[in-house]
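Within every chain, numbering begins at 1; the chains are lettered A, B, ... in the order of the sequence lines, protein sequences first and strands thereafter.
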Number of protein chains: 2
Amino acid sequence: MSVIFSRQCEYALQAVLYLALKPAGTMISIKELTKKLGIPYHFLAKILQDLANQGLLRSMKGPTGGFTLAHPATEITLFHIVEAVDGLDFLNTCVMGFPDCSGNNPCAVHSQWGSLRDGIHSMLVHKNMADLAKEITKPEYKSS
Amino acid sequence: MSVIFSRQCEYALQAVLYLALKPAGTMISIKELTKKLGIPYHFLAKILQDLANQGLLRSMKGPTGGFTLAHPATEITLFHIVEAVDGLDFLNTCVMGFPDCSGNNPCAVHSQWGSLRDGIHSMLVHKNMADLAKEITKPEYKSS
DNA sequence: GTAATATTAGACCAATTAGTCTGAAATGTC
DNA sequence: GACATTTCAGACTAATTGGTCTAATATTAC
Ligand code: FES
Ligand code: FES
């Protein structure tokens, strides 16, 4: 199992971060992304298409075509991507799997989990792509 | 998607908690568990068998048979159950899906995720079944 | 010992998620 | 306009997880 987010979502996060590192408006092809990030070509294609349809990315066909951020990197957060790919269910589901995660009918770890979840939530909301681009040290993002 | 743990693991947590509410040594049948907790009978059977094989539960066949905790409720933590069912991968995998989650090659949210993860980890370790049994208010656990 | 009741074991099926393939449509270059 | 290169759309396959079914075995009660 992956941690919290689906693999699809993880790939989306990685790819969008890669785009954020390029000068605004630069078109990046799936080919380049798949080569640098090691994500299966056609799978990534579908994910990016989806993000484009949802307005997070812009795309263009033909040679010199590719994908680019649809908004300034400062305005795209991790949260936007997670929301677009996996949805927001993780914000109100119970760790122990009980159906109603709320103050009404809390499980025995509800309050503790609540604050941890808030922590995750705020991490996602406060980290925008420009921040991440500045902090990233992974080599696959750095070369050319 | 479930939050962090597989559905199997969620069911295990719910079931073990149910056992912890009964006087030590009381044998509880799958039938009772499945009725009270709404978990599919045969699926739960497999999960409990597995927990028994791993030494967390004791089981007995025949009428008056069933399952019971193999150790005092104070000595079984959420962590023990998660470890037995899902394993400990969640403790060292990257939120963004990168292969190596460590200080060597951290992603841009590694340190923040690290402390949140530690929070989850310590929640699991510090909550034992006796604690949970005391705190639980869910009706399905309370009636006889 | 017989019958009833419970777990055990393992094969099996269903649903979801991950990943592949093919062909069409758009765009840039010559 | 022909051609190469790219995304686009959707059907398809593979793998994992969730869930079902059946027959066997152990135990209790009569
Ligand atoms: S009810 Fe369990 S985490 Fe909210
Ligand atoms: S490297 Fe991403 S969370 Fe550790």
Side-chain angles (χ1 to χ4, degrees), chain A residues 1-15 19 25-35 37-70 82 85-87 89-90 93 97 99, chain B residues 1-15 19 25-35 37-70 82 85-87 89-90 93 97 99:
Chain A
M1 249 221 325
S2 47
V3 182
I4 304 185
F5 306 125
S6 67
R7 187 167 302 187
Q8 206 175 352
C9 189
E10 292 175 350
Y11 288 160
L13 294 169
Q14 296 179 21
L19 296 181
T26 317
M27 285 292 176
I28 306 291
S29 69
I30 300 174
K31 193 152 70 173
E32 175 173 349
L33 284 162
T34 214
K35 189 157 64 177
L37 301 176
I39 302 171
Y41 185 95
H42 292 93
F43 195 24
L44 181 56
K46 283 209 307 189
I47 295 169
L48 295 181
Q49 278 165 39
D50 195 45
L51 291 174
N53 287 333
Q54 299 206 39
L56 276 161
L57 302 180
R58 272 186 307 118
S59 67
M60 265 211 5
K61 293 179 181 175
T64 79
F67 293 86
T68 193
L69 301 185
V82 169
V85 180
D86 273 357
D89 280 357
F90 80 99
T93 58
Chain B
M1 249 222 323
S2 48
V3 183
I4 303 185
F5 306 124
S6 68
R7 186 165 304 188
Q8 208 175 353
C9 188
E10 293 175 350
Y11 288 160
L13 294 169
Q14 295 179 22
L19 297 181
T26 318
M27 285 292 176
I28 306 291
S29 68
I30 300 174
K31 193 151 72 172
E32 175 173 348
L33 285 162
T34 213
K35 189 156 64 175
L37 301 177
I39 302 171
Y41 185 94
H42 291 93
F43 195 24
L44 181 55
K46 283 210 306 190
I47 295 169
L48 296 181
Q49 278 166 41
D50 194 45
L51 291 175
N53 287 333
Q54 300 207 39
L56 276 161
L57 303 180
R58 272 187 306 118
S59 66
M60 266 213 3
K61 294 180 180 174
T64 79
F67 293 87
T68 193
L69 301 185
V82 169
V85 180
D86 273 356
D89 281 355
F90 80 98
T93 57

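- Nucleic acid contact class of B/Lys31 (heavy atoms, under 4.0 Å, all strands): sugar-phosphate only.
- When distances run from any side-chain atom of B/Pro40 to the nucleotides D/dG19, C/dT8, C/dA18, the shortest one goes to D/dG19.
- The ring pair (Phe, Tyr, Trp, His ring centres under 6.0 Å) analysis of residues 48-68 of chain A, with sequence neighbours excluded, yields no pairs.
- Across all strands shown, A/Leu48 has no heavy atoms under 4.0 Å from either base or sugar-phosphate atoms.
- Residue A/Arg7 has a polar side-chain atom (N or O) positioned under 4.0 Å from OP1 or OP2 of C/dG19.
- Contacts of B/Tyr41 classified as ring-ring contact (aromatic ring centres under 6.0 Å, His included), with partners at least two apart in sequence or in another chain: none.
- You'll find that the side chain of A/Ser6 is closest to C/dA18, out of D/dT20, D/dA9, C/dA18.
- Computed from coordinates, the A/Ile28 CD1 to D/dT5 C1' distance equals 16 Å when rounded to whole Å.
- Remark: C1' of C/dA11 and NE2 of B/His42 are 13 Å apart, rounded to the nearest angstrom.
- Between A/Tyr41 and D/dT7 there is a side-chain polar atom (N or O) within less than 4.0 angstrom of OP1 or OP2.
- Computed from coordinates, the B/Lys46 NZ to D/dT22 C1' distance equals 14 Å when rounded to whole Å.
- Under the side chain to side chain contact (heavy atoms under 4.5 Å, CB included) criterion, A/Gln49 pairs with A/Ala45, sequence neighbours left out.
- When the nucleotides C/dT8, C/dG19, D/dG19 are ranked by their closest atom to the side chain of A/Phe43, C/dG19 comes out on top.
- In this structure, A/Glu32 atom CD and D/dT7 atom P are separated by 11 Å, rounded to whole Å.
- Contact annotation: B/Tyr11 reaches the phosphate of D/dG19 (side-chain N/O to OP1 or OP2, under 4.0 Å).
- Every residue meeting the side chain to side chain contact (heavy atoms under 4.5 Å, CB included) condition with A/Pro40, not counting sequence neighbours, appears here in chain and number order: A/Tyr11, A/Phe43.
- Contact between the side-chain N/O atoms of B/Ser29 and the OP1/OP2 oxygens of C/dT7 is not found at any separation under 4.0 Å.
- Across every non-hydrogen atom of A/Val82 and A/Phe90, the tightest pair is CG1-CE2, 3.9 Å.
- Under the rule for a side chain to side chain contact (heavy atoms under 4.5 Å, CB included), B/Thr64 has no partner lying at least two apart in sequence or in another chain.
- Looking at every heavy atom in both residues, B/Thr34 comes nearest to B/Leu44 through N-CD2, 4.0 Å.
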Show me the protein contacts with nucleotides 26-30 of chain D, counting only N or O atoms at under 3.5 Å.
unit_1, atom_1, unit_2, atom_2, d
D/dA26, O4', B/Lys61, NZ, 3.4

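- Across the protein-nucleic acid pair, B/Gln49 atom CD and D/dA23 atom C1' stand 13 Å apart, rounded to whole Å.
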